[in-house]
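Worksheet: the structure to be examined is printed underneath.
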Protein chains: 2
Amino acid sequence: MVGIKEVARAAGVSIGTVSNVLNRPEAVSEETRLRVQSVITSLGYVRSESARQLRAGSSRIMAVLVLDIRNPFFVDVASGAERAAREAGLGVMVCNSGQSAQDEADYLALFAEQRVRGVLLTPVDGSGRDLAALRAQGIAHILVDRAAASEAVCSVSVDDVAGGRLAARHLVSTGHRSIAYVGGPSGLDQVRDRRVGALTVLEEAGLGEDALVEVSAVGLDVAAGRDAGARLLGLASRPTAVFCANDLLALGVLQALFAAGVRVPEDIALVGYDDIEFAAAAAVPLTSVRQPAFAMGQQAAEMLIEETGPQSAAHRHRHVVLQPELVVRQSSMRAR
Amino acid sequence: MVGIKEVARAAGVSIGTVSNVLNRPEAVSEETRLRVQSVITSLGYVRSESARQLRAGSSRIMAVLVLDIRNPFFVDVASGAERAAREAGLGVMVCNSGQSAQDEADYLALFAEQRVRGVLLTPVDGSGRDLAALRAQGIAHILVDRAAASEAVCSVSVDDVAGGRLAARHLVSTGHRSIAYVGGPSGLDQVRDRRVGALTVLEEAGLGEDALVEVSAVGLDVAAGRDAGARLLGLASRPTAVFCANDLLALGVLQALFAAGVRVPEDIALVGYDDIEFAAAAAVPLTSVRQPAFAMGQQAAEMLIEETGPQSAAHRHRHVVLQPELVVRQSSMRAR
DNA sequence: CGGGATGATTGAATCTGTTCAACCCGGGTG
DNA sequence: CACCCGGGTTGAACAGATTCAATCATCCCG
C-alpha cells in the first residue's frame with residue numbers, strides 16, 4: 001500500500017509538503033498543491049489514520065454506546081448524534097451494551113484503546129463505576145437520556161418525571177382510578193422516574209398509593225411486555241389502565257391482551273413511552289409520551305464536539321433537560 | 001497519558017517484555033508477567049490502538065455499512081455481525097448509508113483511512129463503482145443481503161426471487177387474481193427480485209402480466225408506504241391483495257387503508273417482507289416473508305473474519321444463499 | 001567440565017504520518 | 001548594499017507500540 005513517501009518522491013517534493021497539502025493546503029503554493037493532488041489520485045494514496053492519530057494525538061471517531069439498539073428510540077438518538085458528528089467531519093461508532101454492565105465495560109475499554117474523541121452513553125446502572133473510569137482516563141463523555149448527578153460531566157436528558165406525570169394525568173383525567181405500571185428492571189433511572197411522576201399525579205388526585213399497581217418486567221422489549229401482559233391479566237383486581245415504561249413493552253402488553261380477547265381501550269386503556277414510529281402503526285394506535293430522540297442525540301454530539309474541540313477551554317459542563325410531550329391516540333380513548 | 005515506556009521502567013523490564021506480556025503472555029515467565037500486569041493496572045496503562053495498528057498492520061475493527069438503520073431488519077443484520085465480531089475479539093463500526101450513494105462513498109473512504117479489517121455492506125446501487133474501489137484498495141469486503149455477481153467477492157444473501165414466489169403463491173392460492181406490488185426505488189436488486197418472483201408465479205398460474213399492478217414508492221419506509229397506500233386507493237380497478245417489498249412499506253400501506261376505512265384482510269389482503277418484530281404487533285398482524293437477518297449478519301462476519309484471519313490463504317470466495325420462509329398471519333387470511 | 005539446548009529478556013529497527021525549526025529566495029526598506 | 005520580511009519548502013525528531021535477531025542465564029548430557 002502506497003505511503004506518503006512514495007507520493008513525495010513521485011511529486012518531487014518532501015513528505016512535509018505532502019502533509020501540508022493534506023492538512024493545511026493554504027500553506028502550499030497552488031502549483032505544488034495541484035501537482036501533489038494529482039499524484040495522490042493517480043497513485044491511489046490513502047492516508048493512514050492510525051499514523052495520523054499517533055502523531056497528532058486526536059482521534060476522529062466519536063463513540064455512541066446505547067442501551068438497546070433494537071429499540072428504535074435509541075436508533076433515533078444514534079442517528080441524531082451521527083448527523084452532528086458528520087457535520088463536524090467525525091466518524092461515529094455505534095455500539096450496544098444491551099443493558100449488560102459487562103458489555104458496557106468491555107466497550108468502554110475498547111474505546112479507551114481507540115483513544116476515541118469522546119463517548120456518548122446511556123449508562124446501564126446508576127453505580128457510576130464506569131463513569132468514574134472514564135473520568136480517570138480523561139475520556140470526554142456525555143450522558144444521554146440520563147441526567148448526570150455530577151457537575152463534572154455534561155448530560156442531555158428528557159424530564160422523565162414530567163413524562164410520567166403527563167401519562168398519568170391523561171389517564172386520571174379520563175376517569176381511571178387504578179393504573180398498572182409496567183416497568184423493566186428497576187435499576188434504570190428512566191424506569192424509576194417515570195413511575196415517580198405517575199405516582200405524584202395519583203397522590204395529587206387523592207388516590208391511595210395502591211392506585212398504582214406495579215407489574216415488573218424482566219426487560220424493556222416486546223417479549224418482556226407480552227410476559228408482563230399475561231401476568232397483568234392474572235391479577236385479582238384488574239386495573240382499568242396500563243402505563244408502560246416504553247413502547248416496546250406496550251406493544252408486547254397489547255399483544256398479550258389481544259391474545260386473551262381483552263379489548264383496548266374499551267376494557268383496558270394503554271399508554272406507552274417514547275413514541276417510536278411503530279407506536280402509531282400498532283394494532284391499536286398507541287398513546288405515547290414522545291421524546292425528542294433525534295434532537296437529544298444531536299445536541300449531545302454537539303456538546304461533545306464543543307468539549308473536545310479547539311475552544312474546549314471555554315467549555316462549561318451543563319445539564320440540558322428537554323421536555324416530553326403527550327401524543328394521544330386510540331389506545332387510551334375514553335370508552336364510549 | 002502513560003505509555004508502555006513508563007510501564008517498562010516502573011516494572012524494571014524492557015518495553016519488549018511489556019509488549020510480550022500484552023500479546024504473547026506465554027512467552028514471559030510467570031513472575032515477570034504478574035509484576036508487569038500489576039504495574040499496568042496500578043498505573044492505569046491503556047495500550048494505544050493506533051500505535052499497535054501502525055506497527056502490526058492489522059486493524060481490529062470491522063465496518064458494517066447498511067442501507068437503512070431505521071429498518072429493524074438491518075439492525076438485526078448488524079447485531080448478528082456484531083455477535084460474531086465480538087467472539088473474534090473485533091470491534092464493529094455500524095454506519096448507515098441511508099441509500100445515498102454519496103454517503104456510501106464517504107463512509108468507504110473513512111473506512112479506508114481507518115484501514116478497517118474489512119467491510120460488510122449492502123451496496124446502494126448495482127453500479128459496482130464503490131465495490132471496484134474497495135477491490136482496488138485491497139479492502140476485504142462481503143456483500144450482505146445482495147448476491148454478488150463477481151467471483152472475486154463473497155456474499156451472503158437471501159433468495160429474493162424465492163421470497164417473491166412464496167408471497168405470490170400464497171396470495172394466488174387464497175384466490176387473489178389481481179395483486180399490487182409496492183416497491184421502492186427500482187434501483188435496488190432486492191426490490192426487483194421480489195417482483196420477479198411474484199411475476200413468475202402469476203404467469204405460472206396463467207394470469208396475464210397485468211395481474212401485477214405496480215405501485216411505486218419513493219422509499220422503503222413507513223412514510224413511503226402511507227403514500228403508496230393512498231395512491232393505491234385511487235386506482236381505477238383496485239387489486240384485492242397487496243405485496244410490499246418490505247414490512248415498513250406494508251405498515252405504511254396498512255395505515256393508509258385504515259385511514260380510508262378499507263378493511264384488511266376482508267377488502268384487501270396484505271403481505272410484507274422481512275418479518276420484523278413489529279410486523280406481528282401491527283394493527284392487523286402482518287403476513288410476511290421472513291428472512292434470517294441475524295444469521296445472515298453473523299455468517300457474513302464469520303466469512304470476513306476467515307478471509308482476513310491467519311489462514312486467509314485457504315479462503316475461497318463463495319456465495320451463500322439462504323432461504324426465506326413465509327409466515328402467515330391475519331393480514332392475508334382468506335375472507336370468510 | 002565443555003557443549004548444546006531451552007527459555008527469558010533485551011535493544012534496535014520499523015511502521016507512517018505530523019510538526020516545527022531552519023533554510024532559501026525574491027523583494028522591499030533604510 | 002546590508003538587512004529584514006514572509007511565503008514556500010525541507011529535514012529531522014517524534015508519537016507508541018510490535019517484532020525479531022541477539023544475548024544471557026540455566027540446566028542437562030555426554
Side-chain angles (χ1 to χ4, degrees), chain A residues 1-37 39-40 43-61 89 109-110 112-117 137-138 310, chain B residues 1-37 39-40 43-61 89 109-110 112-117 137-138 310:
Chain A
M1 178 150 269
V2 30
I4 202 173
K5 274 205 296 280
E6 282 115 297
V7 173
R9 181 145 24 91
V13 295
S14 75
I15 57 172
T17 300
V18 178
S19 176
N20 280 336
V21 169
L22 259 31
N23 301 303
R24 310 210 314 282
E26 73 285 358
V28 180
S29 75
E30 172 152 7
E31 190 211 327
T32 335
R33 178 158 39 94
L34 292 177
R35 182 156 38 97
V36 170
Q37 256 153 358
V39 170
I40 285 179
L43 256 53
Y45 165 73
V46 181
R47 120 148 120 272
S48 157
E49 174 65 19
S50 42
R52 200 211 113 261
Q53 184 184 161
L54 175 59
R55 186 65 242 262
S58 84
S59 157
R60 288 179 159 147
I61 293 195
L110 177 69
E113 288 200 345
Q114 300 276 345
R115 303 282 197 273
V116 295
R117 181 74 153 273
Q137 295 178 325
Chain B
M1 180 150 267
V2 30
I4 202 175
K5 274 205 296 279
E6 283 114 296
V7 173
R9 182 146 22 93
V13 296
S14 75
I15 56 172
T17 299
V18 178
S19 175
N20 279 337
V21 170
L22 258 32
N23 302 302
R24 308 207 317 279
E26 74 283 358
V28 179
S29 75
E30 172 151 5
E31 189 211 329
T32 332
R33 180 158 38 95
L34 292 177
R35 182 157 37 95
V36 170
Q37 256 153 0
V39 170
I40 284 179
L43 257 53
Y45 165 75
V46 180
R47 128 152 112 258
S48 157
E49 174 65 18
S50 43
R52 200 213 113 261
Q53 179 180 327
L54 176 60
R55 181 64 240 251
S58 82
S59 158
R60 286 178 159 151
I61 292 197
L110 176 70
E113 287 199 345
Q114 301 276 345
R115 302 284 196 273
V116 295
R117 182 73 153 274
Q137 295 178 324

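Every value quoted in this text rests on a predicted model; they were computed, and no experiment measured them. In what follows, chains are A, B, ... by sequence order, proteins preceding strands, each numbered from 1.
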A/E113 (side chain) donor-acceptor with A/L110 (main chain) under 3.5 angstrom: no
Expected output: side-chain B/R24 to main-chain B/V21 donor-acceptor under 3.5 Å: no
Close side-chain approach of A/I61 and A/Q114, heavy atoms under 4.5 Å: no
Sugar-phosphate only, base, or nothing, as touched by A/T17 at under 4.0 Å among non-hydrogen atoms: base
Sugar-phosphate, base or nothing in reach of A/T32, heavy atoms under 4.0 Å: sugar-phosphate
Rounded interatomic separation in angstrom, taking CZ from B/R35 and C1' from C/dA8: 12 Å
Residue pairs passing the salt bridge (Lys or Arg N to Asp or Glu O under 4.0 Å) test where at least one lies in residues 50-59 of chain B, sequence neighbours excluded: B/E49-B/R52
Test side chain to side chain contact (heavy atoms under 4.5 Å, CB included) applied to A/E31 - qualifying residues, sequence neighbours left out: A/S29, A/R35
Nucleic acid footprint by protein, nucleotides 14-23 of chain C - heavy-atom cut-off 4.0 Å, B for base, S for sugar-phosphate alone: BBBBBB----
Test side chain to side chain donor-acceptor pair (under 3.5 Å) applied to B/Q53 - qualifying residues, sequence neighbours left out: none
Set of side chain to side chain donor-acceptor pair (under 3.5 Å) partners for B/S59, sequence neighbours left out: none
Derivation of the side chain to side chain contact (heavy atoms under 4.5 Å, CB included) call for B/L22 and B/I40: CA-CA 10 Å; B/L22 258 32; B/I40 284 179; 3.6 Å; yes
Leading and trailing nucleotides of DNA chain D with any atom under 4.0 Å from heavy atoms of chain B: D/dG16 to D/dT19
